[in-house]
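If you're wondering where the values come from, they're calculated on a predicted model, not measured in any experiment.
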Amino acid sequence: MSDATPLLQMTNIHKRFPGIKALTDVSLRLFPGEVHALMGENGAGKSTLIKVLTGVYSIDEGTVEMEGNRVNIHSPLESQGAGISTVYQEVNLCPNLTVAENIFIGREPRKLGRILWKEMNRKAEKLLKDRLNLDIDVDQPLYMYSVAVQQLIAIARALNISAKVLILDEPTSSLDKNEVEQLFIVLRKLKSDGLAILFVTHFLDQMYEISDRVTILRNGEFVGEYLAEELTRLDLVLKMIGKELNLLEELPVLTGTNKDKPSEELLRAEGLGRKGAIEPFNLTINEGEVVGLAGLLGSGRTEAARLLFGADKADTGKLKFADGGETIHSPRDAIHRQIAFCSENRKTEGIIGDLTIRENIVLALQAKQGWFKTISRKRQDEIVNEYIRILNINPPNPDHLIKNLSGGNQQKVLLARWLLTKPNLLILDEPTRGIDIGAKAEIQKLVLSLSREGMSFVFISSELEEVIRVSDRIAVLRDRHIVTEISDKDMNQHTIMQAIAGS
């Protein structure tokens, strides 16, 4: 590898949105014949940088060069014209069209205005065989093939427009282990053909298996460019997470590990898994226990939580309850089993913006008891006012639209919604993301207080200090696997980060 002649070079890139610095002084170099990983946690700026490179966003400052010549990219068409193609996580193809039609859509070979179908099929077959080692019937509709094959067809379409740079945005997120290996065989061949490949992933093992270089972003800023073979896993994790002072360290220490816990088992997951989401895992949750899930974004934390709640259907394994019941098939089953779930995406999976605080709070209780047993307005007011007081929701007006509340107060409303159902287990996925330090402290204290009263929690957070602060036991995930459980004296940042890194 030589640093002398990058195929593509982005230098000192800045991108701002109203009130937000999305990218600050970010640089990226891609070399022919290399796979270059782009790594960073949620909000690091990876998606913004890709959208700048593909012409979805225009840069505010900085330069982009291809083969030493400065290029101005203001649209996806200009990006393609410069030789840059992108394959997104969600395959952007037409399932009702044939494989050949998807590869050549908009560029079909024609004579006198008529499409030359035989020639198009022949060229599609040759492209797939020669470049991707893929031998399939190109006259079949796309939906006949697996997601993994569709990914390869999307790559073939990108290559068909003479791409010099190929951007793969989370291409393995829906693939199983064998499909990932097939994709990597193709990427190694494309690399040997001289293509520059930008590989965006959250999977550490995959990054080290396929990548030559890695660029790390954090909070919209450039951390550094490294040769993959010279960057240890622990250093990679530390650079992605950063070592900045976390404001939660200023709070009084609230530890969940010294509580007098009942030992009764509440439920147990045995071999619970879902293809393309998380590998089969075992997890026991006891009454009054806070079980933390720690890992990088994409490690499988949320996927595990959704299986526990029945939001996604498991392919393997079962849930066993202390009363002898087994497995839940839907969120309705979970609610009747007194399991509640606060999603990490409160905007789209939590709050209903055009409803009031009152309406959002009583929603789950009304669903639990049935829509034909309407909760009276008087009872609603009693319930809602009590939780507004307990959780210090501001403004304390039940008729206020929830979309006009701060993030922290929206989160408190969602907590009130589920606490009202009196769950035995409350799953909290990033409950303090994007809220102020005071609201974080209140939510943490509430979790510990309720756990002392016997409520169980699954607590997910990207902030390791926070997981340690409230948890009795922590399950660490890496690349869709629960790799270890940590408790007692071993519950510290260094031990957790070593487990995350696999070192």
Check: Arg478 side chain, Ala499 main-chain N or O, donor-acceptor pair, under 3.5 Å: yes

Please identify each residue that fulfils salt bridge (charged side-chain N to carboxylate O under 4.0 Å, His left out) with Arg268, with sequence neighbours left out. Glu265, Glu270

Looking only at non-hydrogen atoms, find the nearest pair between Leu401 and Gly353 and report the distance. CB-O, 4.2 Å

4.5 Å side-chain heavy-atom contact, Phe199 and Ile210: yes

Do Leu28 and Gln9 make a side-chain contact, defined as non-hydrogen atoms from C-beta onward lying under 4.5 Å apart? no

Quick check: does any side chain N or O of Asp212 sit under 3.5 Å from a backbone N or O of Val35, one acting as donor and the other as acceptor? yes

Salt bridge present between Glu303 and Arg274 (N-O < 4.0 angstrom): no

So does His494 have more than 12 non-hydrogen atoms from other groups sitting under 6.0 Å from NE2? no

For a 4.5 angstrom cut-off between non-hydrogen side-chain atoms, does Leu198 reach Leu168? no

Once you round to the nearest 0.5 Å, how far does OG1 of Thr284 lie from CG of Leu266? 10.5 Å

Non-hydrogen side-chain atoms of Val26 and Met10 separated by less than 4.5 Å: no

Asp333 side-chain N/O to His329 backbone N/O, donor-acceptor pair under 3.5 Å: yes

Under the 3.5 angstrom rule, does the side chain of Asn360 hit a backbone N or O of Arg417 as a donor-acceptor pair? no

Phe321 six-ring face occupied by Arg337 cation (under 6.0 Å, within 45°): yes

Could you tell me whether the side chains of Ser461 and Glu466 share a donor-acceptor contact shorter than 3.5 Å? yes

What's the spacing between Leu477 CG and Ile482 CD1 if we round to 0.5 Å? 5.0 Å

Atom pair CD1/CD of Ile361 and Glu386 - distance to nearest 0.5 Å: 10.5 Å

What's the separation between atom CD in Gln493 and atom CG in Leu238, rounded to the nearest 0.5 Å? 9.5 Å

To the nearest 0.5 angstrom, please state how far the OG atom of Ser456 sits from the CD atom of Glu264. 10.5 Å

Are Ile167 and Tyr88 packed together at the side-chain level, in the sense that at least one heavy-atom pair is separated by less than 4.5 angstrom? no

Only pairs under 3.5 Å count here: list side-chain donor-acceptor contacts from residues 304-317, not counting sequence neighbours, and write none if there are none.
{"unit_1": "Arg306", "atom_1": "NE", "unit_2": "Asp312", "atom_2": "OD1", "d": "3.4"}
{"unit_1": "Arg306", "atom_1": "NE", "unit_2": "Asp312", "atom_2": "OD2", "d": "2.8"}
{"unit_1": "Arg306", "atom_1": "NH2", "unit_2": "Asp312", "atom_2": "OD1", "d": "3.2"}
{"unit_1": "Asp315", "atom_1": "OD2", "unit_2": "Lys275", "atom_2": "N", "d": "2.6"}
{"unit_1": "Thr316", "atom_1": "OG1", "unit_2": "Gly271", "atom_2": "O", "d": "3.0"}
{"unit_1": "Thr316", "atom_1": "OG1", "unit_2": "Gly273", "atom_2": "N", "d": "3.4"}

Of all the heavy-atom pairs spanning Leu7 and Ala196, show the shortest one and how long it is. CD2-CB, 3.7 Å

Minimal non-hydrogen separation, Leu414 against Cys342, with atom names: O-SG, 3.9 Å

Shortest non-hydrogen separation from Asp354 to Lys403 and the atoms involved: OD1-NZ, 2.8 Å

Taking the side chain from Ser471 and the backbone from Val467, do they hold a donor-acceptor pair closer than 3.5 Å? yes

To the nearest 0.5 Å, how far apart are CE in Met240 and CG in Leu236? 5.5 Å

Within the structure provided, determine whether Glu453 and Met455 are in side-chain contact (heavy-atom separation under 4.5 Å). no

Can a salt bridge be assigned to the pair Lys21 and Glu221 using a cut-off of 4.0 Å between side-chain N and carboxylate O? no

Could you walk me through whether Leu464 and Asn492 pass the side-chain contact (heavy atoms from CB on, under 4.5 Å) check? CA-CA 8 Å; Leu464 296 184; Asn492 58 70; over 6 Å; no

Between Ser451 and Leu448, is there a donor-acceptor pair closer than 3.5 Å when you use the side chain of the first and the backbone of the second? yes

Pick one: which of Glu179, His202, Gln206, Gln151 meets side-chain hydrogen bond (donor to acceptor under 3.5 Å, both in side chains) with Thr172? Gln206

Do the non-hydrogen side-chain atoms of Val413 and Ile351 ever get within less than 4.5 Å of each other? no

For a quick check under 3.5 Å, do Thr432 and Gln411 share a side-chain donor-acceptor pair by atom type? no

Identify the heavy atoms of Ala334 and Ile328 that sit nearest to each other, and give their distance. CB-CD1, 3.7 Å

Side chains of residues 419-426: which donor-acceptor partners sit under 3.5 Å, not counting sequence neighbours?
{"unit_1": "Thr421", "atom_1": "OG1", "unit_2": "Trp418", "atom_2": "O", "d": "2.6"}
{"unit_1": "Asn424", "atom_1": "ND2", "unit_2": "Gln338", "atom_2": "OE1", "d": "3.2"}

With a 4.0 Å cut-off, would you call Asp205 and Arg480 a salt bridge? no

Among side-chain atoms of His36 and Thr215, is any donor-acceptor pair under 3.5 angstrom? yes

Using a strict threshold of under 4.0 Å (side-chain N to carboxylate O), is an ion pair present between Arg16 and Glu61? yes

Taking Arg188 first and then Glu209, would you say they form a salt bridge - that is, a charged N and a carboxylate O separated by under 4.0 Å? yes

Any donor-acceptor pair under 3.5 Å from Tyr208 side chain to Glu229 backbone: no

Stepwise side-chain contact (heavy atoms from CB on, under 4.5 Å) check, Leu450 with Lys445: CA-CA 9 Å; Leu450 291 172; Lys445 289 176 181 177; over 6 Å; no

If you take all heavy atoms of Asp472 and Met491, which pair is closest and at what distance? O-SD, 3.7 Å

Salt bridge (Lys or Arg N to Asp or Glu O under 4.0 Å) for Lys191 and Glu34? Distances and angles first, verdict last. CA-CA 6 Å; Lys191 187 173 77 166; Glu34 285 189 4; over 6 Å; no

Would the distance check show the side chain of Lys46 and the main-chain N or O of Leu217 forming a donor-acceptor pair, the cut-off being under 3.5 Å? no

May I have the step-by-step check of side-chain contact (heavy atoms from CB on, under 4.5 Å) for Ile383 and Leu365, ending in yes or no? CA-CA 11 Å; Ile383 294 168; Leu365 180 63; 4.0 Å; yes

Is the backbone of Asp479 close enough, under 3.5 Å, to the side chain of His481 for a donor and an acceptor to pair up by distance? yes

Between Asp429 and Thr302, do the side chains contain an N or O donor and an N or O acceptor separated by less than 3.5 Å? yes

I want to check something: taking the side chain as every heavy atom from C-beta on, are Glu289 and Phe457 in contact at a cut-off of under 4.5 Å? no

Going by atom types alone, do Glu359 and Thr356 pair a side-chain donor with an acceptor below 3.5 Å? yes

Starting from the C-alpha separation in whole Å, work towards a yes-or-no answer on side-chain contact (heavy atoms from CB on, under 4.5 Å) for Met497 and Ile241. CA-CA 10 Å; Met497 284 195 285; Ile241 296 176; 4.1 Å; yes

Is a side-chain N or O of Lys15 found less than 3.5 angstrom from the main chain of Leu49, in a donor-acceptor match? no

